[in-house]
Amino acid sequence: MSKTAALDVGLVVAGHGRHYIVETPEGVRIICHPRGKRSDCVVGDRVRWQLTGDEGVIEHVEPRRNLLFRQDEWKTKAFAANLDQILVMVASEPVFSESQLARAMIAAESAGIEAHILLNKADLPQIEAARARLQPYAAMGYAVHEIAVKARPAETLAALTPLLAGRTSLVLGPSGAGKSSLINLQIPDARAQIGEISQALNSGRHTTTTTQWYWLDATRKAALIDSPGFQEFGLKQIAAQDLSNLMPDFAEPSQHCRFYNCTHQHEPGCGVLAAVQTGAITESRHRIYSEIRRELS
Ligand SMILES: Nc1nc2c(ncn2[C@@H]2O[C@H](COP(=O)(O)OP(=O)(O)OP(=O)(O)O)[C@@H](O)[C@H]2O)c(=O)[nH]1
Ligand SMILES: [Mg+2]
Ligand SMILES: [Zn+2]
């Protein structure tokens, strides 16, 4: 028997700086520390661990199916691993940044993870403007689900239940979009699930400060992962020449560029610039592309 096979298996359900909460196959949650200085596991990781005293030590992280992360100038921030889908949640209010939304979708494409858009707070008058801003994303093939988690809970549950069934979904988005409200709607015992340790770390706060894994069903087949609202969303992990391939509305037009290494900025015969002229690609999408591209070169 190999050394790791003798260790217990576990699932990382929360991380708090230098320690993690690992869940056993029986559903028991234990505080664990990584072996050594590097703390490189994230929520969703399958790990091998062993008990030392009343806490555990993570000895090994199993290979990941995928990993969603952002990479800024100085640091890499992993969101979660081994995901079936990402639900990028924005709301009619507060007004969302299209650049942040686009970056989250690009990160998902780059990690090879299916992404959906949830547009929350459909009850507010600002919904029309938000819907219009998301129209290009629907047109380029993303599913956009309009919901009202607090205002129309029954309707929201009915709309999202089939989407969530049997899958591990990460809910990602800016602060105040309603991510935690969605978790609480889908999972009535959410507060109980996160346990005392996590609650203590989040106590008295409305805003989420750590990524947390919640089971949706008693059979523990489906999960929802809550995450803190993000602001920065660097994409330094992406090579500049790959960027347009990760933007679905750029795919077809870029086939018509005269130069194979076209940057879609100023080149003659650029299919992307032609598509901006006709409106097939919006000005704002091209501006976001140019902004990210500048950061990558
Ligand atoms: N009008 C309206 N407000 C909503 C709806 N859903 C959620 N909210 C409100 O939006 C606010 C933010 O909700 P949260 O669930 O805490 O947002 P969050 O995305 O978890 O925010 P962070 O944890 O800071 O990232 C709360 O005051 C909710 O009551 C809705 O359907 N309509
Ligand atoms: Mg929250
Ligand atoms: Zn071009």
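Model, not experiment: these values are computed from the prediction. Whatever order the structure lists them in is the order used to number ligands and atoms, beginning at 1.
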Could you tell me whether a side-chain N or O of N82 sits under 3.5 Å from a main-chain N or O of R65, the two making a donor and an acceptor? yes
side-chain hydrogen bond (donor to acceptor under 3.5 Å, both in side chains) filter on H286, not counting sequence neighbours, yields none
Keeping to distances under 2.8 Å, can you name the protein N/O/S atoms close to the Zn ion (ligand 3)? C257 SG, C262 SG, H264 ND1, C270 SG
What do you reckon, is CD of E232 surrounded by more than 12 foreign heavy atoms closer than 6.0 Å? no
Can you confirm whether the side chains of S99 and R103 place a donor and an acceptor under 3.5 Å from each other? yes
Quick check on the hydrophobic clustering: are F259 and V272 connected, directly or via other members, by side-chain heavy-atom contacts under 4.5 Å? no
So with a 6.0 Å cut-off around NZ of K221, is the heavy-atom count from everything else above 12? no
Take R29 and V22 through the side-chain contact (heavy atoms from CB on, under 4.5 Å) test and state the conclusion after the steps. CA-CA 6 Å; R29 294 189 170 197; V22 171; over 6 Å; no
Evaluate the criterion side-chain contact (heavy atoms from CB on, under 4.5 Å) for residue pair R285 and E98; output intermediate values, then yes/no. CA-CA 9 Å; R285 286 283 292 175; E98 187 189 338; 3.7 Å; yes
For the residue pair Q237 / S110, report whether a side-chain donor-acceptor contact shorter than 3.5 Å exists. no
For residues S244 and S254, is any side-chain donor paired with an opposing acceptor at under 3.5 Å? no
Mind listing the N or O contacts between ligand 1 and protein, cut-off under 3.5 Å?
| unit_1 | atom_1 | unit_2 | atom_2 | d |
| --- | --- | --- | --- | --- |
| ligand 1 | 1 (N) | D123 | OD2 | 3.0 |
| ligand 1 | 6 (N) | N120 | ND2 | 3.2 |
| ligand 1 | 6 (N) | K150 | N | 3.4 |
| ligand 1 | 10 (O) | K121 | NZ | 3.0 |
| ligand 1 | 13 (O) | S181 | OG | 3.4 |
| ligand 1 | 15 (O) | S180 | N | 3.4 |
| ligand 1 | 15 (O) | S181 | N | 2.8 |
| ligand 1 | 15 (O) | S181 | OG | 2.6 |
| ligand 1 | 17 (O) | G178 | N | 3.1 |
| ligand 1 | 19 (O) | A177 | N | 3.3 |
| ligand 1 | 19 (O) | G178 | N | 2.9 |
| ligand 1 | 19 (O) | K179 | N | 2.9 |
| ligand 1 | 19 (O) | K179 | NZ | 2.8 |
| ligand 1 | 20 (O) | S180 | N | 2.9 |
| ligand 1 | 20 (O) | S180 | OG | 3.0 |
| ligand 1 | 21 (O) | G176 | N | 2.9 |
| ligand 1 | 23 (O) | T208 | N | 2.8 |
| ligand 1 | 23 (O) | T208 | OG1 | 2.9 |
| ligand 1 | 24 (O) | S175 | OG | 2.4 |
| ligand 1 | 24 (O) | T207 | OG1 | 2.3 |
| ligand 1 | 25 (O) | K179 | NZ | 2.8 |
| ligand 1 | 25 (O) | G229 | N | 3.0 |
| ligand 1 | 29 (O) | K150 | NZ | 3.2 |
| ligand 1 | 31 (O) | V149 | N | 3.1 |
| ligand 1 | 31 (O) | K150 | N | 3.1 |
| ligand 1 | 31 (O) | A151 | N | 3.3 |
| ligand 1 | 32 (N) | D123 | OD1 | 2.8 |
| ligand 1 | 32 (N) | D123 | OD2 | 3.4 |

Please report the number of protein N, O or S atoms that lie less than 2.8 Å from the Mg ion (ligand 2). 2
Parallel, tilted or perpendicular, as decided by the 30° and 60° cut-offs, for the rings of F233 and F230: perpendicular
Would you find more than 12 non-hydrogen atoms of other residues, nucleotides or ligands less than 6.0 Å from Q231 atom CD? no
How far apart are the C-alpha atoms of K236 and E295, what are their side-chain angles, what is the distance that settles it, and do they pass the salt bridge (charged side-chain N to carboxylate O under 4.0 Å, His left out) test? CA-CA 7 Å; K236 291 272 186 188; E295 294 168 14; over 6 Å; no
